[in-house]
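This one's a predicted model, so the numbers in the text were calculated from it and none came from an experiment.
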Amino acid sequence: MLMVLDEVLDAATARQYRDALQAADWQDGRLSAGSLAKSVKSNQQLEPDHPVAAALGRQILSRLGQHPGFLSAALPERIYPPRFNRYELGGQFGLHVDSAVMVLPDSLQTLRSDLSATLFLTEPDEYDGGELEIETPFGAQAVKLAAGAMVLYPSSSLHRVRPVTTGARISSFFWIQSLVQDDAARGMLYDLDRSIQGLRQSLPAEHADLLTLTGVYHNLLRRWARP
Ligand SMILES: O=C(O)CCC(=O)C(=O)O
Ligand SMILES: [Fe+2]
């Protein structure tokens with residue numbers, strides 16, 4: 001399931017982030033690529049412990065922790081500390097698949113990548129190209145979002161970033177280990193949760209059907225969650 005979350009950051013905050021990032025010192029993205037990605041990757045990244053990256057990464061995590069749509073869609077167990085990349089002057093990231101298991105920085109803990117995320121920090125009209133193209137069972141989907149919006153997609157998908165031919169595309173990217181590993185099960189829980197939230201707008205809180213559906217949601221999550 002491919003999911004777009006609008007306004008993870010409001011436009012003004014995204015602009016502040018972009019300005020702070022533009023002024024930071026970037027390094028070749030190949031330095032952090034695995035052997036497959038290295039051959040197809042031409043972009044720039046900030047070092048994980050760069051002070052700007054560390055500060056903005058913490059702010060993004062705290063926003064996500066309060067974002068009902070993100071929590072419901074991702075059911076996050078662990079989140080990789082957000083990283084930042086920039087593509088310009090024809091920079092791109094060819095077709096690849098993300099590593100399945102990652103070691104969390106400064107820790108011996110691992111993270112299984114269930115979901116990959118890109119949070120766009122530059123507006124679509126600031127650059128040409130730069131679409132994140134994700135292969136899905138229904139064909140390739142090209143994603144290019146407003147600054148502050150984020151896409152979540154299964155880490156099992158092949159994906160690429162098309163060359164940025166003018167301007168610069170700056171984003172944050174990271175991975176999520178979900179409490180519910182199976183994409184289809186997670187998608188059904190998301191649909192159920194959204195329907196329950198919708199019914200809550202029009203039904204009394206103690207409506208018997210609403211209580212039953214809420215119980216079904218939690219009991220399915222209890223059955224499928226694997227912390
Ligand atoms: O820049 C993006 O949107 C995606 C980056 C990516 O695919 C990766 O770093 O593995
Ligand atoms: Fe990737």
Side-chain angles (χ1 to χ4, degrees), residues 1-11 13-14 57-82 98 100-102 104 109-121 132 134-157 159 171-227:
M1 191 167 51
L2 195 149
M3 199 168 300
V4 170
L5 302 175
D6 293 321
E7 281 218 29
V8 169
L9 304 174
D10 59 73
T13 306
R58 274 195 300 274
Q59 289 178 33
I60 291 170
L61 286 180
S62 106
R63 296 240 171 186
L64 290 174
Q66 297 159 26
H67 193 293
F70 171 75
L71 296 173
S72 174
L75 296 168
E77 157 76 0
R78 278 174 210 170
I79 306 181
Y80 196 93
D98 295 337
V101 176
M102 305 176 185
L104 290 170
Q109 255 194 345
T110 55
L111 170 142
R112 182 193 61 239
S113 57
D114 296 320
L115 287 164
S116 302
T118 294
L119 169 61
F120 288 74
L121 295 173
L132 172 61
I134 302 156
E135 299 210 343
T136 78
F138 310 107
Q141 303 253 358
V143 182
K144 182 168 175 173
L145 302 177
M150 186 171 104
V151 61
L152 278 175
Y153 57 99
S155 300
S156 52
S157 338
H159 56 280
S171 312
S172 175
F173 65 99
F174 50 93
W175 297 273
I176 296 140
Q177 176 173 322
S178 178
L179 287 163
V180 177
Q181 180 179 3
D182 182 63
D183 196 57
R186 197 184 325 107
M188 286 191 282
L189 285 171
Y190 180 66
D191 287 344
L192 184 54
D193 186 38
R194 291 228 306 187
S195 301
I196 292 169
Q197 300 311 326
L199 291 172
R200 283 229 167 104
Q201 306 300 314
S202 48
L203 292 177
E206 289 183 20
H207 192 287
D209 293 339
L210 200 48
L211 290 173
T212 303
L213 285 174
T214 305
V216 169
Y217 174 82
H218 285 284
N219 291 330
L220 283 174
L221 182 55
R222 215 183 311 279
R223 183 171 280 237
W224 287 338
R226 292 275 175 276

Engineer: Quick one: does Met188's side chain get under 4.5 Å of Leu220's, heavy atoms only?
Structural biologist: no
Engineer: Do Leu199 and His207 touch side chain to side chain, with heavy atoms closer than 4.5 Å?
Structural biologist: no
Engineer: Which atoms form the tightest heavy-atom contact between Ser155 and Ser113, and what is the distance?
Structural biologist: CB-O, 3.4 Å
Engineer: Can you tell me how far CZ of Arg58 sits from CD1 of Ile60, rounded to the nearest 0.5 angstrom?
Structural biologist: 11.5 Å
Engineer: Please evaluate residues Arg63 and Asp10 with respect to the criterion side-chain contact (heavy atoms from CB on, under 4.5 Å), reporting the C-alpha separation (whole Å), side-chain torsions for both, the decisive distance (0.1 Å), and the verdict.
Structural biologist: CA-CA 11 Å; Arg63 296 240 171 186; Asp10 59 73; 4.0 Å; yes
Engineer: Roughly how far, to the nearest 0.5 Å, is CE of Met150 from CG of Leu121?
Structural biologist: 11.5 Å
Engineer: The criterion is side chain to side chain donor-acceptor pair (under 3.5 Å); which residues satisfy it with Arg223, sequence neighbours excluded?
Structural biologist: none
Engineer: If you look at every heavy atom in Met1 and Met3, which pair is closest and at what distance?
Structural biologist: CE-CE, 3.1 Å
Engineer: The criterion is side-chain contact (heavy atoms from CB on, under 4.5 Å); which residues satisfy it with Asp191, sequence neighbours excluded?
Structural biologist: none
Engineer: I would like to know whether Asp98 and His159 meet side-chain contact (heavy atoms from CB on, under 4.5 Å); could you show each step before the answer?
Structural biologist: CA-CA 9 Å; Asp98 295 337; His159 56 280; 3.1 Å; yes
Engineer: Partners of Pro154 by side-chain contact (heavy atoms from CB on, under 4.5 Å), sequence neighbours excluded?
Structural biologist: Ser156, Ser157, Asp183
Engineer: List for me each residue that meets ring-ring contact (aromatic ring centres under 6.0 Å, His included) alongside Trp175, sequence neighbours excluded, and say none if there are none.
Structural biologist: Tyr80, Phe173
Engineer: Return the set of residues passing side chain to side chain donor-acceptor pair (under 3.5 Å) with Thr118 (not counting sequence neighbours), or none when no residue passes.
Structural biologist: none
Engineer: Given side chains that start at C-beta, do those of Asp114 and Ile176 come closer than 4.5 Å, heavy atoms only?
Structural biologist: no
Engineer: What distance separates Asp209 CG from Leu213 CG, expressed to the nearest 0.5 Å?
Structural biologist: 6.5 Å
Engineer: How long is the span from the CG atom in Leu192 to the NE2 atom in His218, to the nearest 0.5 Å?
Structural biologist: 9.5 Å
Engineer: Rounded to the nearest 0.5 Å, how far does CG of Asn219 lie from OG1 of Thr214?
Structural biologist: 10.5 Å
Engineer: Quick one: side-chain contact (heavy atoms from CB on, under 4.5 Å) partners of Ala225, sequence neighbours excluded?
Structural biologist: Leu179, Leu221
Engineer: Report, one line per pair, each donor and acceptor closer than 3.5 Å where one atom sits in a side chain of residues 68-78; sequence neighbours left out.
Structural biologist:
residue	atom	partner	partner atom	Å
Ser72	OG	Asp193	OD2	2.7
Arg78	NH1	Thr110	O	2.6

Engineer: So, using side-chain contact (heavy atoms from CB on, under 4.5 Å) as the criterion, who are the partners of Leu61 when residues are at least two apart?
Structural biologist: Ile79, Pro82
Engineer: Phe120: what forms a ring-ring contact (aromatic ring centres under 6.0 Å, His included) with it, not counting sequence neighbours?
Structural biologist: none
Engineer: Evaluate side-chain contact (heavy atoms from CB on, under 4.5 Å) for Leu132 paired with Tyr153, printing each intermediate quantity in order.
Structural biologist: CA-CA 11 Å; Leu132 172 61; Tyr153 57 99; 3.7 Å; yes
Engineer: State which residues pass salt bridge (charged side-chain N to carboxylate O under 4.0 Å, His left out) with Arg200; sequence neighbours excluded, sorted by chain then number.
Structural biologist: none
Engineer: Mind checking whether Phe174 and Leu64 have side chains closer than 4.5 Å, heavy atoms only?
Structural biologist: yes
Engineer: With Arg226, which residues qualify under side chain to side chain donor-acceptor pair (under 3.5 Å), at least two apart?
Structural biologist: none
Engineer: When you measure from the side chain of Thr136 to the backbone of Gly139, do you find a donor-acceptor pair of N or O atoms at a distance under 3.5 Å?
Structural biologist: yes
Engineer: Hey, could you give me the CG/CD distance between Leu115 and Gln181, rounded to the nearest 0.5 Å?
Structural biologist: 10.5 Å
Engineer: With Asp6, which residues qualify under side chain to side chain donor-acceptor pair (under 3.5 Å), at least two apart?
Structural biologist: none
